[in-house]
Amino acid sequence: MPRPGDGAGNDEVKDGVSERGGYPVERKKMTQWMMRITAYAERLLQGLNDIDWSEALKEMQRNWIGKSLGATVRFGITPRGESLPNSTDFLAVFTTRVDTIFGVTYLAIAPEHELIPQLTTPDQQAAVAEYVTMARNRSERDRMSDVKTVSGVFTGSYVTNPLTDERVPVWIADYVLAGYGTGVVMGVPSSDDRDYRFAQHFGLPIVCVIEGTEGLDNPCEIKYGKLVNSGFLNGLDWQEAIRKAIARAEELGVGTGKTNYRLRDAVFSRQRYWGEPVPVYFKDKVPYPVDESKLPLVLPEIDKYLPTETGEPPLGRAEGWKYHPTPPSPASGEGLKEKSFSDAGESSKEKSSPEAGEDSGGVYDYELSTMPGWAGSSWYWYRYMDADNDQEFAAREAIDYWRDVDLYIGGSEHATGHLLYSRFWNHFLYDLGLVVEKEPFKKLINQGMIQGVSEKIFKVGASETPEDESEKNAVYYVDSANAIPRKMHILEDVGEVFVSAEVVEKGYPSKVAERHVDVSLVRDSELDIARFTEYRSDYTQAAFVCEGGYWKSGIFTPFGNGGSDKFRTKAEIEKMSKSKFNVVNPDDVIERYGADTLRLYEMFLGPLEQSKPWNTNGIDGSFKFLRKLWRLFYDEQGHWLVTDEAPPAEGLKTLHRTIRKVEEDVERYAFNTTVSTFMICVNELGALKCHQRTILQDLVIILSPYAPHVAEELWHQLGNPASVTFAAYPPFRAEYLTEESFEYPISINGKVRAKITFSLDTTPAEIEKSVLASEGVQKWLEGKSPKKVIIVPKKIVNVVV
RNA sequence: GCGGAUGUGGCGGAACUGGUAGACGUGCCAGACUUAGGAUCUGGUGCCGCAAGGCGUGGGGGUUCGAUUCCCUCCAUCCGUACCA
């Protein structure tokens with residue numbers, strides 16, 4: 001997690017604060033190592049088509065990469081009687097909707113745009129300077145949280161629309177982001193909501209170019225259609241118009257088709273201690289890679305894990321941590337400055353000058369920043385393939401054998417972080433020829449999150465503003481007869497007032513604030529006041545208002561309205577988090593029921609992908625199941641029940657039905673139904689009083705991945721010396737499941753009215769005959785003959801009347 | 001706004017390619033054994049109705065002999081994301 005003082009990438013900043021930790025983020029210029037993930041943007045996008053991941057996750061990555069197809073068009077800067085200093089005579093605009101170019105009524109540029117000084121006319125100088133300063137001082141956070149306010153300023157200059165030859169004004173607006181596209185937006189108020197708001201606010205003209213938008217209150221309601229008022233684009237469908245507009249722009253030499261990505265390069269430096277040191281040293285401020293013979297570079301010891309006084313990262317504290325190059329090593333010492341990483345898919349032809357860092361002595365400073373967490377997490381699975389290899393990250397044979405990850409089960413919170421970086425690294429390693437698969441994770445399942453159930457109480461007057469004194473010690477109750485809240489008691493010496501959730505729901509006149517309470521203090525939505533005040537000694541003098549009275553110092557004072565004396569909490573489902581006091585520790589469950597029960601219960605809760613609140617109601621079911629299983633082996637007095645008799649047909653049928661179902665379920669990751677299958681199996685074997693070794697031994701094997709501890713124990717009790725994990729999985733045998741007859745549900749007009757059993761060799765004609773003759777069906781026919789009889793073998797009979 | 005997902009008993013959920021809706025578990029009701037039980041066992045339990053029967057998978061419509069499942073439409077909830085031009 002980043003801490004104050006760390007560097008963070010764009011992707012690690014959210015709403016102006018660090019995504020993890022929530023620290024305020026400040027823009028600061030510093031030299032950073034970056035990973036050029038943008039070079040892989042297109043391949044990372046295309047690769048998504050080849051992997052079996054959830055659509056939600058793929059979509060998140062697609063959005064993050066943010067590919068947009070569009071065009072850059074150059075708007076000529078109208079001479080205003082003086083020449084521009086930099087001979088720049090146009091403003092380039094990136095747009096995904098060139099087709100609407102006839103609707104452009106202004107251009108908006110980012111407040112950071114470098115041409116602002118040249119574009120500003122003398123009479124607008126003051127206004128522009130003021131606006132730019134204001135926009136700059138607004139923090140990232142303000143700019144993001146306040147998206148509704150329209151602001152901007154006119155530069156005084158005009159540009160010429162190259163496709164229409166129209167003159168349009170240039171404005172500065174902070175809704176334009178300097179970092180995206182060219183930092184210039186062509187304002188089309190009739191087709192873009194932001195442009196529309198901007199034009200409305202500043203009274204700029206609005207020209208409708210999409211058929212059917214003229215006369216609408218807000219023309220942006222229709223964004224796609226045929227073009228109108230658009231010269232040579234008139235009558236074309238918008239997509240066709242884009243092609244034609246680009247062609248025309250290219251022909252005139254005023255623009256080109258262009259692809260843009262939202263994805264940014266990733267900052268790879270961290271100004272903290274714990275992380276892999278970057279194997280780079282500096283000579284005359286130029287970075288050089290550390291010679292391979294000196295790798296791995298190990299973190300030096302330091303006295304304090306804090307930045308140095310001069311603001312250097314913690315590694316700056318290491319005494320004598322310097323690089324001493326090994327004498328002559330022809331391969332080493334290429335200046336990194338000279339060496340450029342090749343673009344994706346191309347190999348670098350550039351060679352740096354060999355003598356750059358070739359030194360045989362001297363002492364140099366190391367890079368002081370360390371690598372981020374994803375330096376390791378982006379490729380670790382290759383180490384699993386060959387964990388003991390200390391020569392390379394994994395031997396070629398190991399990689400050829402294991403190739404990629406068959407199934408990755410992970411949370412969707414890693415969608416645009418770890419899971420994107422890993423794909424990026426893997427593509428890079430693939431390009432270097434070091435790995436054999438382009439995509440690292442063939443299939444990915446997002447497991448649902450186990451959420452917490454938070455309990456909240458309501459505190460009166462907990463807002464920042466000082467409360468009205470007369471309200472401070474007042475207690476209200478709801479008169480149940482007319483449901484009007486009444487002010488009844490003024491309490492003496494009351495520290496705080498808390499109000500039961502049911503009272504708040506019915507309307508409590510004072511301002512109340514929600515506060516989390518530890519879930520262990522709540523049972524069935526009732527707060528244990530005694531334990532709460534014990535745990536929070538600052539609340540010993542607090543009053544707890546319930547429907548029928550209030551508690552204070554352990555004494556209940558009734559209101560006389562017959563209401564409850566229970567203090568209710570409000571339950572809410574949230575992420576489990578210490579700050580929400582809703583964390584439950586599985587250790588408690590294990591302590592009480594054992595790890596197998598917990599494991600089974602978690603699987604039994606529901607589908608793997610679904611999030612659900614942690615609720616131990618029903619955990620007894622899993623526990624009882626394991627005890628029933630045990631009782632197939634031992635009776636209540638602890639006598640061994642297993643026999644070596646030949647297994648009965650019914651028992652074999654149960655066993656093999658279970659084997660089949662468990663196999664099917666594991667294929668579709670439906671562990672919840674697997675557990676219920678085991679429950680059915682044990683219930684049936686119990687009813688059959690089935691204690692034959694042949695059956696129980698196979699059951700133990702198929703159960704062992706799901707309840708490993710008890711399975712292992714029973715396996716040994718059965719007299720097997722080796723672990724059950726080495727036992728051969730029992731093959732499914734269909735012959736035990738053969739049936740001679742089937743009980744047909746007989747439905748009349750789609751409603752099941754009767755059931756009749758037929759042997760499987762009964763012909764449909766015979767079935768129809770006896771069904772129609774049967775009492776149950778005759779009753780519904782009321783003498784009429786049926787319109788139609790549908791017989792689906794081994795499924796259903798439907799009689800249409 | 002955009003994108004993704006999910007809606008079934010009191011609760012968690014099952015029903016895999018259209019074929020007995022509610023498996024399994026929990027909860028609840030009744031009973032057995034018990035001095036007792038957070039133990040065990042048996043029976044019942046979608047809703048309305050004394051019953052016959054009717055109604056039921058978020059709402060409305062459609063396809064079909066038959067729809068939780070397929071199509072259209074609307075609603076609700078959750079997650080992600082956003083001045084991205």
Side-chain angles (χ1 to χ4, degrees), chain A residues 14-15 54-60 62-64 66-68 70 93-97 100 108 143-144 146-150 173-177 179-188 191-195 197-198 220 260-263 412-413 415-416 446 448-449 451 573 592 600-601 604-607 609-613 615-625 627-628 631 636 661 664-665 667-668 670 672-681 683 686 743-755 786-801:
Chain A
K14 211 176 182 179
D15 298 330
S54 75
E55 199 47 44
L57 204 62
K58 288 196 204 178
E59 201 57 31
M60 269 187 235
R62 281 191 198 108
N63 292 340
W64 196 257
K67 179 179 184 175
S68 48
V93 168
F94 175 73
T95 175
T96 54
R97 292 297 305 273
T100 63
R143 246 168 106 167
M144 285 188 172
D146 176 27
V147 299
K148 291 280 172 284
T149 315
V150 176
D174 72 354
Y175 79 84
V176 183
L177 304 179
Y180 186 78
T182 58
V184 184
V185 167
M186 59 180 217
V188 186
S191 292
D192 182 280
D193 297 285
R194 291 151 311 172
D195 296 350
R197 259 186 275 139
F198 191 82
C220 302
N260 210 30
Y261 297 92
R262 199 187 73 123
L263 187 72
S412 59
E413 68 271 23
T416 55
N446 284 141
M449 223 186 316
Q451 296 157 316
I573 291 160
R592 193 163 152 187
L600 285 172
Y601 181 64
F604 187 58
L605 270 175
E609 297 94 331
Q610 240 164 64
S611 286
K612 51 185 68 75
N615 183 349
T616 48
N617 289 350
I619 196 166
D620 269 337
S622 310
F623 191 51
K624 276 188 210 163
F625 159 72
R627 280 191 305 206
K628 284 187 204 167
R631 242 171 285 122
E636 250 140 275
K661 178 75 173 139
E664 283 167 5
D665 283 351
E667 288 298 323
R668 55 192 186 110
N672 53 330
T673 49
T674 305
V675 175
S676 70
T677 300
F678 281 124
M679 288 175 171
I680 293 167
C681 176
N683 288 346
E743 188 186 43
Y744 279 90
I746 313 297
S747 58
I748 316 284
N749 294 333
K751 283 266 172 196
V752 176
R753 300 294 179 184
K755 281 174 190 176
K787 267 193 201 149
K788 202 172 178 184
V789 179
I790 289 137
I791 295 166
V792 186
K794 283 192 84 178
K795 291 270 185 191
I796 202 166
V797 177
N798 191 14
V799 180
V800 186
V801 182

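Residue numbers begin at 1 in each chain, while the letters A, B, ... track the order of the sequences. Here the structure is a predicted model, which is why all the values come from computation and not from measurement.
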Peer 1: Who pairs with A:K67 by salt bridge (charged side-chain N to carboxylate O under 4.0 Å, His left out), at least two apart in sequence or on another chain?
Peer 2: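 For A:K67, the residues satisfying salt bridge (charged side-chain N to carboxylate O under 4.0 Å, His left out) (neighbours in sequence not counted) are A:E42.
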Peer 1: Using the side-chain heavy atoms of A:Y180, tell me which of these nucleotides is nearest: B:rU40, B:rG80, B:rA85.
Peer 2: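 Taking heavy atoms from C-beta onward, the closest nucleotide is B:rA85.
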Peer 1: Tell me which of A:A56 and A:N749 sits closer to the 5' end of RNA chain B, going by the nucleotide each one is nearest to.
Peer 2: A:A56
Peer 1: Nearest whole Å is fine: how far is B:rU40 C1' from A:F623 CZ?
Peer 2: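 Distance check: A:F623 CZ to B:rU40 C1' gives 13 Å.
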Peer 1: Could you tell me whether the side chains of A:N798 and A:S747 share a donor-acceptor contact shorter than 3.5 Å?
Peer 2: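 Note: A:N798 and A:S747 side chains meet the donor-acceptor criterion.
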Peer 1: Within this structure, what is the CD-to-P distance between A:E609 and B:rG7, rounded to whole angstrom?
Peer 2: 12 Å
Peer 1: What stems, by residue range, does RNA chain B take part in, given at least 3 consecutive Watson-Crick or G-U pairs under 3.5 Å?
Peer 2: B:1-7 with B:75-81, B:10-12 with B:24-26, B:27-32 with B:40-45, B:46-48 with B:53-55, B:58-62 with B:70-74
Peer 1: Go through the structure and list residues passing ring-ring contact (aromatic ring centres under 6.0 Å, His included) with A:Y601, not counting sequence neighbours.
Peer 2: A:W614
Peer 1: When all nucleic acid strands are considered with a 4.0 Å heavy-atom cut-off, which category describes A:R62: base, sugar-phosphate, or nothing?
Peer 2: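 Counting heavy atoms under 4.0 Å across all strands, no contact is made by A:R62.
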Peer 1: Please list, chain by chain and in numerical order, all residues satisfying salt bridge (charged side-chain N to carboxylate O under 4.0 Å, His left out) with A:R262, sequence neighbours excluded.
Peer 2: none
Peer 1: Going by the rule salt bridge (charged side-chain N to carboxylate O under 4.0 Å, His left out), which residues pair with A:R753 if we only count those two or more places apart in sequence or in a different chain?
Peer 2: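 A:R753 satisfies salt bridge (charged side-chain N to carboxylate O under 4.0 Å, His left out) with no other residue.
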Peer 1: Check ring-ring contact (aromatic ring centres under 6.0 Å, His included) between A:F625 and all other residues, then give those that pass, not counting sequence neighbours.
Peer 2: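 By the ring-ring contact (aromatic ring centres under 6.0 Å, His included) rule, A:F625 matches no residue at all.
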Peer 1: In whole Å, measure the gap between the P atoms of B:rG18 and B:rG9 for me.
Peer 2: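 Rounded to whole Å, the distance is 24 Å.
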Peer 1: Contact between A:R197 and A:Y175 at the side-chain level, heavy atoms closer than 4.5 Å - yes or no?
Peer 2: no
Peer 1: Given B:rG1, is OP1 or OP2 found less than 4.0 Å from the side-chain N or O atoms of A:R194?
Peer 2: no
Peer 1: Can you give the donor-acceptor pairs under 3.5 Å from side chains of residues 787-796 of chain A to other protein atoms, not counting sequence neighbours?
Peer 2:
none

Peer 1: Excluding sequence neighbours, so at least two apart, what forms salt bridge (charged side-chain N to carboxylate O under 4.0 Å, His left out) with A:D620?
Peer 2: none
Peer 1: N/O contacts under 3.5 Å, protein versus nucleotides 14-20 of chain B?
Peer 2:
residue	atom	partner	partner atom	Å
B:rA14	OP1	A:N672	ND2	2.9
B:rA15	OP1	A:R668	NH1	3.4
B:rA15	OP1	A:R668	NH2	3.2
B:rC16	N4	A:K661	NZ	3.2
B:rU20	O2	A:K755	NZ	2.8

Peer 1: Can you list the residues that meet the side-chain hydrogen bond (donor to acceptor under 3.5 Å, both in side chains) rule with A:D665, with sequence neighbours excluded?
Peer 2: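 Applying side-chain hydrogen bond (donor to acceptor under 3.5 Å, both in side chains) to A:D665 gives A:K661, A:R668, A:T673.
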Peer 1: Given that A:G183 and A:L605 both sit by RNA chain B, which one's nearest nucleotide is further toward the 5' end?
Peer 2: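 Whichever sits nearer the 5' end wins; that is A:L605.
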Peer 1: On a whole-Å scale, what distance lies between the P atoms belonging to B:rA76 and B:rG27?
Peer 2: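 It comes out at 35 Å once rounded to the nearest Å.
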Peer 1: Less than 4.5 Å apart, side chain to side chain, heavy atoms only: is that true for A:L605 and A:K612?
Peer 2: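 The answer is yes, as the side chains (C-beta and beyond) meet within the 4.5 Å cut-off.
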Peer 1: With sequence neighbours left out, what residues match A:F623 under ring-ring contact (aromatic ring centres under 6.0 Å, His included)?
Peer 2: A:Y593
Peer 1: Starting at atom CG of A:N446, determine the distance to atom C1' of B:rU6, rounded to an integer number of angstrom.
Peer 2: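 Going from A:N446 (CG) to B:rU6 (C1'), I get 15 Å.
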Peer 1: Looking at A:R753, I'd like to know whether one of its side-chain N or O atoms comes within less than 4.0 Å of OP1 or OP2 on B:rG66.
Peer 2: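 For B:rG66, neither OP1 nor OP2 has a side-chain N or O of A:R753 closer than 4.0 Å.
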Peer 1: Distances under 3.5 Å only, N/O to N/O: pair up the protein atoms with those of nucleotides 24-26 of chain B.
Peer 2:
residue	atom	partner	partner atom	Å
B:rG25	OP1	A:N683	ND2	3.1
B:rU26	OP1	A:K624	NZ	3.0

Peer 1: Take atom CZ of A:R631 and atom P of B:rA39, then tell me their distance rounded to the nearest Å.
Peer 2: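 One finds 12 Å between P of B:rA39 and CZ of A:R631, rounded.
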Peer 1: Would you say A:R97 reaches B:rA85's phosphate, i.e. side-chain N/O to OP1/OP2 under 4.0 Å?
Peer 2: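 The answer is no; no side-chain N or O of A:R97 sits under 4.0 Å from OP1 or OP2.
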